[in-house]
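The first residue in the sequence is number 1, and the count goes up from there.
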Amino acid sequence: MIFVEKKTSKISPEGIIGVLFRENPHLKFYLSNFHKSFFDLKKKGKYGDLLKEIRFAGSAVNPYSEEINCALSNLQSSGALAKQNPDLVKYSTTTSFNSTFEILTENLSADIIDEVIGMCKDLLGILDYYEKQPKT
């Protein structure tokens, strides 16, 4: 079960990904492109406060974030997300998604949620670009 220990003005990586899936209940992507999209979004600097907790290792060509991987894993473990296949990853929300989402966002203001929704739109634009690139 996922829980929030204290009131906070920042949103966890699980909360960010939760907002993404609340707005898009069925997403399909290569995991490497998911990491690249977050990396590119963080590099732009527009959402620095929201993405502060997400760090990257590796190169700019192939960035990796343990926080993103853990957040996806936590959401799967809690039963909020279901992973459909191992390579081209298709995730979908489950029946327990809404209750998990409420727990993740209960201490956040509507302004922060709105900002994350805007950020997720930008993230989806970047992800869509990477998903359309030919695989080598």
Side-chain angles (χ1 to χ4, degrees):
M1 172 177 242
I2 296 176
F3 63 94
V4 177
E5 291 183 356
K6 60 181 178 177
K7 290 191 176 199
T8 180
S9 61
K10 63 183 173 185
I11 188 167
S12 68
E14 289 85 354
I16 291 170
I17 293 172
V19 170
L20 178 66
F21 277 93
R22 185 185 74 174
E23 300 297 309
N24 307 275
H26 306 284
L27 282 177
K28 194 185 317 185
F29 52 82
Y30 285 97
L31 193 55
S32 62
N33 290 342
F34 198 62
H35 285 268
K36 280 188 225 179
S37 298
F38 270 99
F39 178 78
D40 287 358
L41 196 61
K42 185 171 183 174
K43 207 168 55 171
K44 289 182 180 183
K46 183 177 177 183
Y47 301 105
D49 287 344
L50 295 175
L51 298 173
K52 192 180 337 184
E53 300 295 313
I54 299 175
R55 297 173 310 230
F56 291 90
S59 68
V61 174
N62 194 23
Y64 171 82
S65 171
E66 185 66 30
E67 291 79 15
I68 290 171
N69 256 19
C70 284
L72 284 169
S73 179
N74 288 341
L75 289 168
Q76 281 182 262
S77 297
S78 72
L81 292 181
K83 185 176 177 180
Q84 306 295 320
N85 55 358
D87 295 327
L88 174 61
V89 181
K90 180 179 179 184
Y91 283 97
S92 58
T93 58
T94 64
T95 55
S96 65
F97 176 81
N98 287 336
S99 60
T100 301
F101 182 78
E102 287 176 23
I103 292 167
L104 288 169
T105 59
E106 69 185 347
N107 296 319
L108 299 173
S109 71
D111 291 342
I112 290 176
I113 298 297
D114 288 343
E115 187 178 1
V116 175
I117 289 170
M119 182 186 74
C120 287
K121 288 177 183 174
D122 290 348
L123 180 76
L124 285 172
I126 296 168
L127 184 59
D128 185 54
Y129 167 79
Y130 283 125
E131 290 296 314
K132 290 180 178 174
Q133 298 304 304
K135 298 296 169 210
T136 55

Next item on the list: Check the pair Leu72, Ile68 against side-chain contact (heavy atoms from CB on, under 4.5 Å), reporting the backbone distance first and the verdict last.
Entry: CA-CA 6 Å; Leu72 284 169; Ile68 290 171; 4.3 Å; yes
So, taking the atom named [atom1] in [X] and the one named [atom2] in [Y], what distance separates them when rounded to the nearest 0.5 Å?
X: Cys120; Y: Leu20; atom1: SG; atom2: CG; result: 4.5 Å
X: Gln133; Y: Asp128; atom1: CD; atom2: CG; result: 10.0 Å
X: Glu14; Y: Asn74; atom1: CD; atom2: CG; result: 4.5 Å
X: Phe56; Y: Lys42; atom1: CZ; atom2: NZ; result: 6.5 Å
X: Ile17; Y: Ile11; atom1: CD1; atom2: CD1; result: 10.5 Å
X: Ser32; Y: Phe39; atom1: OG; atom2: CZ; result: 13.5 Å

Margin query: Here's a test for you: under side-chain contact (heavy atoms from CB on, under 4.5 Å), which of Leu27, Thr94, Thr100, Leu75 qualifies with Leu81?
Written below: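 Among Leu27, Thr94, Thr100, Leu75, the one meeting side-chain contact (heavy atoms from CB on, under 4.5 Å) with Leu81 is Leu75.
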Item checked: Any donor-acceptor N or O pair under 3.5 Å, side chains Tyr129, Asn33 ->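 The criterion, which ignores hydrogens and geometry beyond distance, is not satisfied for Asn33 and Tyr129.
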Next item on the list: Keeping the roles fixed (side chain from Ser59, backbone from Asn62), state whether a donor-acceptor pair exists under 3.5 Å.
Entry: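 Looks like yes, one N/O pair under 3.5 Å.
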Contact between [X] and [Y] at the side-chain level, heavy atoms closer than 4.5 Å - yes or no?
X: Met119; Y: Ile16; value: yes
X: Ser92; Y: His26; value: yes
X: Asn98; Y: Thr93; value: no
X: Ile112; Y: Leu50; value: yes
X: Lys28; Y: Tyr91; value: no
X: Asp111; Y: Glu115; value: no

Note to self: Using the rule given for ring pair (Phe, Tyr, Trp, His ring centres under 6.0 Å), can you reason through Phe38 versus Phe34, listing the C-alpha separation, both sets of side-chain angles and the distance that settles it, and then say yes or no?
What the structure shows: CA-CA 6 Å; Phe38 270 99; Phe34 198 62; 5.2 Å; yes
Margin query: Run the ring pair (Phe, Tyr, Trp, His ring centres under 6.0 Å) test against Tyr64 and tell me which residues pass, sequence neighbours left out.
Written below: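 Expected list: His35.
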Checklist line | Contact summary for Gly79 and Ser96, nearest pair of heavy atoms | finding: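 Shortest heavy-atom separation between Gly79 and Ser96 comes out as O-OG, 2.8 Å.
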Check: Between Arg22 and Phe101, what is the shortest heavy-atom contact and its length?
Finding: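 For Arg22 versus Phe101, the nearest heavy atoms are NH1-CE2, 3.3 Å.
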Next item on the list: Check the pair Glu66 / Arg55 against salt bridge (charged side-chain N to carboxylate O under 4.0 Å, His left out), numbers first and verdict last.
Entry: CA-CA 7 Å; Glu66 185 66 30; Arg55 297 173 310 230; over 6 Å; no
Check: Charged N to carboxylate O below 4.0 Å: is that the case for Lys44 and Asp40?
Finding: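 Asp40 and Lys44: not salt-bridged.
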Checklist line | Pair Lys10 + Glu53: basic N to acidic O under 4.0 Å | finding: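 Yes, this pair counts.
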Checklist line | Heavy atoms from other residues, nucleotides or ligands near CG of Asn69 exceed 12 (cutoff 6.0 Å) | finding: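 Correct, the count exceeds 12.
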Next item on the list: Would you please test Tyr47 and Asp122 for side-chain contact (heavy atoms from CB on, under 4.5 Å) and show each step?
Entry: CA-CA 10 Å; Tyr47 301 105; Asp122 290 348; 2.6 Å; yes
